[in-house]
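Worksheet: one structure, shown below.
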Protein chains: 2
Amino acid sequence: MKYAKEEAVFEKYISSGKLKQSKQRKNIMQAFLESGKHVTAEELYNAVKRKFPSVGLITVYRTLKLFCKCGLAREVCFENGTARYEHLYGRQHHDHLICSACGKVIEIEDPDIEKLQDRQYKMHGFVPQGHRMDLYGICRKCRMCQR
Amino acid sequence: MKYAKEEAVFEKYISSGKLKQSKQRKNIMQAFLESGKHVTAEELYNAVKRKFPSVGLITVYRTLKLFCKCGLAREVCFENGTARYEHLYGRQHHDHLICSACGKVIEIEDPDIEKLQDRQYKMHGFVPQGHRMDLYGICRKCRMCQR
DNA sequence: ACCGAAACTGAAAATGATTATCATTTTCAT
DNA sequence: ATGAAAATGATAATCATTTTCAGTTTCGGT
Ligand SMILES: [Mn+2]
Ligand SMILES: [Mn+2]
Ligand SMILES: [Zn+2]
Ligand SMILES: [Zn+2]
């Protein structure tokens, strides 16, 4: 159905390794695909539990790791320590603009910045492996309300 | 002596609040100023202990927080979760280029990137509060050795 | 459909970095 | 010198994440 492609990616990953399918994994995948962006392991766990009360938080952690390995998810950590997972399938690389007041996250893609980052890699003789750029600020709405 | 200015900043901060001086703080400050860049609380603790075995790790944590508050240090976290503290006094804002293989950290300042970041803030109606940009890659030396 | 090895699960315990508690010690203005 | 306020450090608590391990499930032969 709606997420056939994502499910195919995961199944391919499962069968290409010596991994096995399980209903827990299917349920967690389902909940992940339906979840909003940038979920916490715990948030996803709560979402799954609503429909499938038997799944454990530990399995959610393990399954999120699998999603990352097969390219369906990416782990991102903002300033507080907790890891968040975002959908990666069919998405471009992007960075984040975060409101420190309300936590809203805006995804930004700026090819000009990426070019300049490449310039830095070249200048220092590094082979790029990936980067993170998080811009923190206060959004318009929070400026209106707060004071 | 060598770090008179930094010490002055700290003393001013101490006396302007209702804080008090202590030999532990002096020792930790000493060790911090002499330390390399981007130390861990634990690394600093070990360095201090060599000269002053009585200081506790807890006090190192607390004192590092003070350094951050008075502008002598900045907390930075790279991809592994542990916090690192870098010298901030008399330093410009900068970002980091990190070798994923050997952990080497290169500090980069790129006004062009900063300009583009500001453009993003403006485009989305955010008031900037601070950002982090970490570029991960493999350095030249690591490419030679490793394979 | 059956088997068994290998993988998966989840509860409980372990981890590791950091923080809170609190009784004792130290600082510093009076 | 004195005492209130702050600092210290041992211990215990957090909190997110990982490890362990015994019981359960999957799946490729049969
Ligand atoms: Mn995102
Ligand atoms: Mn630095
Ligand atoms: Zn906001
Ligand atoms: Zn290197």
Side-chain angles (χ1 to χ4, degrees), chain A residues 7 10-32 38-49 51-70 73-85 103, chain B residues 7 10-32 38-49 51-70 73-85 103:
Chain A
E7 278 159 15
F10 192 53
E11 267 188 46
K12 191 173 174 188
Y13 175 74
I14 292 290
S15 56
S16 72
K18 55 274 177 84
L19 308 186
K20 289 175 179 174
Q21 304 203 261
S22 79
K23 45 182 156 357
Q24 286 89 334
R25 285 178 178 170
K26 282 201 185 86
N27 296 338
I28 293 168
M29 155 131 283
Q30 188 66 22
F32 178 64
H38 314 116
V39 268
T40 272
E42 189 114 27
E43 288 167 3
L44 182 57
Y45 168 63
N46 290 324
V48 179
K49 256 210 317 200
K51 290 188 177 178
F52 312 97
S54 67
V55 294
L57 173 57
I58 303 93
T59 303
V60 172
Y61 272 108
R62 284 190 282 230
T63 308
L64 279 169
K65 288 241 141 65
L66 295 181
F67 292 167
C68 290
K69 281 194 197 149
C70 72
R74 179 167 74 125
E75 188 182 306
V76 295
C77 307
F78 301 136
E79 54 191 0
N80 98 73
T82 333
R84 294 186 167 271
Y85 298 84
Chain B
E7 279 159 14
F10 192 54
E11 268 189 46
K12 191 172 173 189
Y13 175 74
I14 291 289
S15 57
S16 73
K18 55 276 176 82
L19 307 186
K20 289 175 179 174
Q21 304 203 261
S22 78
K23 43 181 157 358
Q24 286 89 335
R25 286 179 178 171
K26 282 202 184 87
N27 296 340
I28 293 168
M29 155 131 282
Q30 188 67 22
F32 178 65
H38 313 117
V39 268
T40 272
E42 188 113 26
E43 288 167 4
L44 183 57
Y45 169 63
N46 289 324
V48 179
K49 256 210 318 200
K51 291 187 176 176
F52 311 97
S54 67
V55 294
L57 173 57
I58 303 94
T59 303
V60 172
Y61 272 108
R62 284 191 281 231
T63 308
L64 280 170
K65 288 243 140 64
L66 294 181
F67 292 168
C68 290
K69 280 196 198 149
C70 72
R74 179 167 75 125
E75 187 182 304
V76 294
C77 307
F78 301 138
E79 54 192 1
N80 99 70
T82 333
R84 296 187 165 271
Y85 297 84

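Values in this document were obtained by computation on a predicted structure and should not be read as measured data. Side chains are part of it too, since the values below use all heavy atoms of this structure and drop only hydrogens, waters and symmetry mates.
Of the two residues near DNA chain C, Glu75(B) and Thr59(A), the one whose nearest nucleotide lies more 5' is Thr59(A). Between Arg25(B) and Ile58(B), the residue anchored closer to the 5' end of DNA chain D is Arg25(B), taking for each the nucleotide with the nearest heavy atom.
In this view, Lys49(A) and Tyr45(A) satisfy the side-chain hydrogen bond (donor to acceptor under 3.5 Å, both in side chains) rule, not counting sequence neighbours.
Within residues 15-23 of chain A, the residues approaching DNA chain C are Lys18(A), Leu19(A), Lys20(A), Ser22(A), by heavy-atom distance under 4.0 Å.
We find that CD1 of Ile28(B) is positioned 7 Å from P of dG9(D), with the value rounded to whole Å. To the nearest angstrom, C1' of dT17(D) lies 9 Å from OH of Tyr85(A). Nucleotide dA6(D) holds its P atom 13 Å from the CG atom of Leu66(B), rounded to whole Å. Spacing between atom OH of Tyr61(A) and atom P of dC15(D) amounts to 13 Å, rounded to whole angstrom units. Atom CG in Leu44(B) sits about 15 Å away from atom P in dA17(C), given to the nearest Å. The separation between Arg62(B) atom CZ and dA10(D) atom P is 11 Å, rounded to whole Å. For the pair Ile14(B) CD1 and dA5(D) P, the computed distance is 18 Å after rounding to whole Å. Note: CG (Asn80(A)) to C1' (dT18(C)) measures 14 Å, nearest angstrom.
Residue Ser54(A) is in sugar-phosphate contact alone, with no base atom involved, counting any heavy-atom pair closer than 4.0 Å across all strands shown.
In terms of heavy atoms, Glu75(A) sits closest to Cys68(A) at N-SG, 4.0 Å. Across all their heavy atoms, His38(A) and Glu43(A) have their closest contact at O-OE1, 4.1 Å. In terms of heavy-atom proximity, Arg25(A) sits nearest to Lys20(A) at NH1-O, 2.6 Å.
Across dG10(C), dT17(D), dT8(D), the shortest atom-to-atom separation from the side chain of Gln24(B) is found for dT8(D).
Here the options are Leu66(B), Val60(B), Thr59(B), the test is side chain to side chain contact (heavy atoms under 4.5 Å, CB included), and the partner is Arg62(B); only Thr59(B) passes.
Checked against a 6.0 Å centroid threshold, the rings of Phe32(B) and Phe67(B) count as neighbours.
When side chains are defined from C-beta on, Lys51(B) does not count as touching Asn27(B), because their heavy atoms never get closer than 4.5 Å.
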